[in-house]
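Take a look at the structure below.
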Protein chains: 2
Amino acid sequence: MAARPTMKDVAKTAGVSLMTVSRVVAGEAGVAPQTAARVEEAIRALGYQRNDIARNLRRKAQDSRTIGLVVDDLANPFFSALARSVEDEAYRRGFLVLVGSTNDDPRRERDVVSAFSARQVDGLVLVPTGGNRAFFRAQMARGVKVVCVDRPATGLDVDCIAVDNRAGTATAIRHLLNHGHTRIAYLGDRQEIWTQHERFVGYTEAMTAAGLEVDSLLIRHGLRGHREAAAAVADMMAGPNPPTAFFSGNDLVTLGAVEAGASRRFALVGFDDFVLADKLDPPISVVSQDPAALGRTAAQLLFGRIDGDDAAPRSVVLATRFIDRGSGGMAVPPAGGVG
Amino acid sequence: MAARPTMKDVAKTAGVSLMTVSRVVAGEAGVAPQTAARVEEAIRALGYQRNDIARNLRRKAQDSRTIGLVVDDLANPFFSALARSVEDEAYRRGFLVLVGSTNDDPRRERDVVSAFSARQVDGLVLVPTGGNRAFFRAQMARGVKVVCVDRPATGLDVDCIAVDNRAGTATAIRHLLNHGHTRIAYLGDRQEIWTQHERFVGYTEAMTAAGLEVDSLLIRHGLRGHREAAAAVADMMAGPNPPTAFFSGNDLVTLGAVEAGASRRFALVGFDDFVLADKLDPPISVVSQDPAALGRTAAQLLFGRIDGDDAAPRSVVLATRFIDRGSGGMAVPPAGGVG
DNA sequence: ATGAAAGCGCTAACAC
DNA sequence: GTGTTAGCGCTTTCAT
């Protein structure tokens with residue numbers, strides 16, 4: 001049951017004033033070695049540990065040395081890799097990390113951030129859902145530093161770090177076009193998610209630039225998770241006028257496409273690299289980004305802000321890397337009418 | 001810059017006493033509707049949000065409604081799936097989750113848990129490194145509830161939830177034996193990790209029960225991550241007297257073995273299921289456990305303790321499931337001297 | 001229905 | 001060197 005002992009208890013046991021204990025615990029100079037020893041002894045005897053919460057309440061520098069990390073889904077390998085690198089940066093600086101998943105639900109995002117803020121977090125690394133604009137503005141007005149990662153927060157003046165989703169996608173689509181594909185399906189998660197929207201724009205632009213119409217029957221949005229993706233792919237493959245190639249808008253959708261067997265009979269290129277992509281038959285070509293680098297950079301930006309950097313908001317765009325493993329060349333369609 | 005407004009500020013703006021504000025914010029009865037409205041208005045105008053940290057300092061029920069989650073590596077899919085389910089359980093109950101990775105380093109574990117405890121966490125879901133016995137005992141004496149998951153904390157009287165690693169491994173080894181293999185290599189992470197030790201015991205017992213000697217040249221411990229595992233496997237395959245089958249002690253080691261090409265030429269069975277295991281050539285047979293179920297159960301146990309359950313420590317063992325996908329039958333050795 | 005005083009565990013500022 | 005006083009933002013207790 002055990003109430004946690006306080007400085008008062010230690011002071012009584014050591015026969016000194018509370019202030020002397022405070023000094024010893026804080027490692028301040030100006031305490032006689034003898035006295036300090038007595039205090040240390042009492043600390044050990046009672047199993048005392050400082051209450052950092054009470055400490056922060058009174059300290060001049062009103063920083064909680066805690067940040068919040070809010071992602072879409074902590075179980076998703078992309079976000080968990082990002083989370084780990086944020087946590088590593090925090091650990092190096094003696095900060096703690098509160099985590100929360102939004103599940104892409106603005107209400108849960110608001111709940112979580114609200115609770116973080118009530119706990120006086122110094123800053124937030126945020127993969128925003130897109131909602132809660134006014135709410136975040138209020139948080140920032142209260143002094144909470146915010147850095148967005150993976151997606152910008154529309155309408156918010158904050159640092160943001162993400163990859164060039166359009167360019168990355170366009171590269172992938174051109175790769176498929178170069179292999180002779182023209183009926184290229186697009187499979188993505190909810191269009192309201194900024195990355196998904198950007199990737200779809202990249203797809204559309206690349207198609208249009210090649211003089212091709214975008215066939216709406218080959219477009220599927222809103223695929224949450226690999227199961228839904230696999231079902232959609234199976235559907236399309238069995239349909240009357242199937243595509244010859246698939247582009248998948250994130251790792252989970254790619255996974256679903258592979259599960260549905262798309263890569264064995266059709267060309268497939270996905271956004272996000274994933275474990276064992278090179279060991280599949282065929283190996284899957286991907287647009288690769290580095291979640292750990294995103295997390296690290298985001299954390300560094302955030303800690304800069306917490307340390308007082310008040311320059312204008314920065315927007316960092318990292319390049320993607322196209323990894324050609326061959327799956328874009330599958331099932332090359334017969335040479336058609338073109339020259 | 002923005003100092004966060006306090007109840008005092010709200011009280012002044014609304015022209016009431018601080019106590020009235022406290023009552024409105026807490027949703028207590030006994031405030032005249034008119035007064036409450038004035039307070040609400042001031043709250044909105046100032047963007048006030050209660051400081052839960054100061055609140056908890058004074059409250060009778062001294063619970064921070066925060067738990068700590070400490071895993072080996074948050075980026076590992078096994079632990080991130082576990083983390084997500086712990087977080088979901090916490091969210092349902094209005095608790096916050098602090099996370100930390102130990103990297104299997106007792107010093108970092110101690111750092112992290114110490115910082116959590118100084119922040120007055122109510123409880124800890126812990127994947128213990130194995131060290132810090134006395135330290136944890138002290139934490140528990142201070143009233144911090146602890147539940148171990150994936151591994152028990154040796155020498156600590158706490159709830160623990162894990163799978164039957166020995167039985168699961170023995171099943172996998174017997175599967176290989178039944179396919180005629182006798183030279184079965186064991187590849188594991190650091191033996192000091194309880195799960196790895198247990199799995200190795202399971203391996204040894206199954207081999208011995210079959211009347212086979214364990215060849216120390218076929219044993220490799222201490223493989224951290226897929227890279228080291230791949231190197232070890234490549235080494236063994238190129239050696240003078242290679243095994244005919246491999247057993248890998250966790251998901252990352254299995255991954256390394258696949259990367260090294262072990263499954264194409266030799267039999268391979270791994271502990272832990274992984275994404276796309278069934279899409280590889282050959283599909284990989286595994287001993288599967290459910291990390292989300294582990295996390296959920298651990299969280300439920302912990303919240304039970306926090307809610308006052310002080311029954312004797314429970315130990316929950318979940319069964320594993322062997323999934324035969326064929327990779328255990330690869331490269332069946334020629335019938336030897338036996339009958 | 002509202003407020004004043006005390007105090008949670010700690011540190012800042014100032015004594016001595 | 002050590003102790004005293006005040007107060008961080010809030011809730012508890014008791015008064016009015």
Side-chain angles (χ1 to χ4, degrees), chain A residues 2-40 42-43 46-65 115 117-122 142-143, chain B residues 2-40 42-43 46-65 115 117-122 142-143:
Chain A
R4 317 193 189 196
T6 71
M7 277 194 183
K8 210 168 149 188
D9 301 323
V10 175
K12 193 182 300 180
T13 306
V16 297
S17 86
L18 193 158
M19 202 48 225
T20 301
V21 179
S22 173
R23 290 198 177 98
V24 171
V25 171
E28 278 176 23
V31 178
Q34 273 200 44
T35 320
R38 283 227 312 292
V39 172
E40 304 271 23
I43 287 176
L46 297 179
Y48 171 76
Q49 187 179 17
R50 180 172 59 197
N51 181 338
D52 276 353
I53 278 182
R55 171 185 164 85
N56 284 329
L57 193 59
R58 189 63 179 93
R59 265 158 52 98
K60 197 79 234 177
Q62 281 265 46
D63 58 333
S64 64
R65 300 191 77 75
S117 173
R119 292 302 204 297
Q120 312 301 103
V121 293
D122 297 327
R142 299 177 65 249
Chain B
R4 317 194 189 196
T6 71
M7 276 193 182
K8 212 166 147 188
D9 302 322
V10 176
K12 194 182 298 180
T13 305
V16 296
S17 84
L18 193 158
M19 205 41 231
T20 302
V21 179
S22 173
R23 290 196 178 101
V24 172
V25 171
E28 278 176 23
V31 178
Q34 273 200 44
T35 318
R38 282 227 312 293
V39 172
E40 304 273 23
I43 288 176
L46 297 179
Y48 171 77
Q49 187 180 19
R50 182 173 59 198
N51 182 337
D52 276 353
I53 278 182
R55 171 185 164 84
N56 283 330
L57 192 59
R58 190 63 178 88
R59 263 157 54 98
K60 198 77 233 179
Q62 282 266 46
D63 57 333
S64 64
R65 299 191 77 76
S117 174
R119 293 302 203 297
Q120 312 301 104
V121 293
D122 297 327
R142 299 177 65 249

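Just so we're on the same page: letters track the sequence lines, and every chain starts at 1.
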**Message:** Expressed as a whole number of angstroms, how long is the span from B/I53:CD1 to D/dT11:C1'?
**Reply:** 16 Å
**Message:** I want to confirm an ordering. Mapping B/S17 and B/R58 to their closest nucleotides on DNA chain C, which one lands closer to the 5' end?
**Reply:** B/S17
**Request:** May I ask you to say what B/R23 touches in the nucleic acid, namely base, sugar-phosphate or nothing, with a heavy-atom cut-off under 4.0 Å?
**Result:** base
**Fill in**
DNA chain C nearest-nucleotide lookup for A/N51 and B/A29: closer to the 5′ end is B/A29
**Interatomic distance where CD belongs to B/E28 and P belongs to C/dA1 [whole Å]** = 13 Å
**Request:** Determine whether any donor atom in the side chain of B/R4 lies under 3.5 Å from an acceptor atom in the base of D/dG9, or the reverse, and answer yes or no.
**Result:** no
**Prompt:** So does A/T20 get a side-chain nitrogen or oxygen closer than 4.0 Å to the phosphate oxygens (OP1/OP2) of D/dG3?
**Reply:** yes
**Prompt:** NA contact type, B/V25, heavy-atom cut-off 4.0 Å: base, sugar-phosphate, or nothing?
**Reply:** nothing
**Asked** Taking C-beta and beyond as the side chain, do B/M7 and B/S22 meet within less than 4.5 Å on heavy atoms?
**Response** yes
**Request:** Grab the CZ-C1' distance between B/R38 and C/dA1 for me, whole Å please.
**Result:** 13 Å
**Pairwise side-chain contact, B/M19 with B/R23, heavy-atom cut-off 4.5 Å (strictly under)** = yes
**Asked** Please give, in whole Å, the distance from C/dA4 C1' to B/L18 CG?
**Response** 11 Å
**Message:** Return the CZ to OH distance between A/R142 and B/Y48, rounded to the nearest 0.5 Å.
**Reply:** 8.5 Å
**Asked** Is the shortest side-chain N/O distance from B/R59 to OP1 or OP2 of D/dT11 below 4.0 Å?
**Response** no
**Asked** How many angstroms lie between CD in B/Q120 and CG in A/D52, if you round to the nearest 0.5 Å?
**Response** 8.0 Å
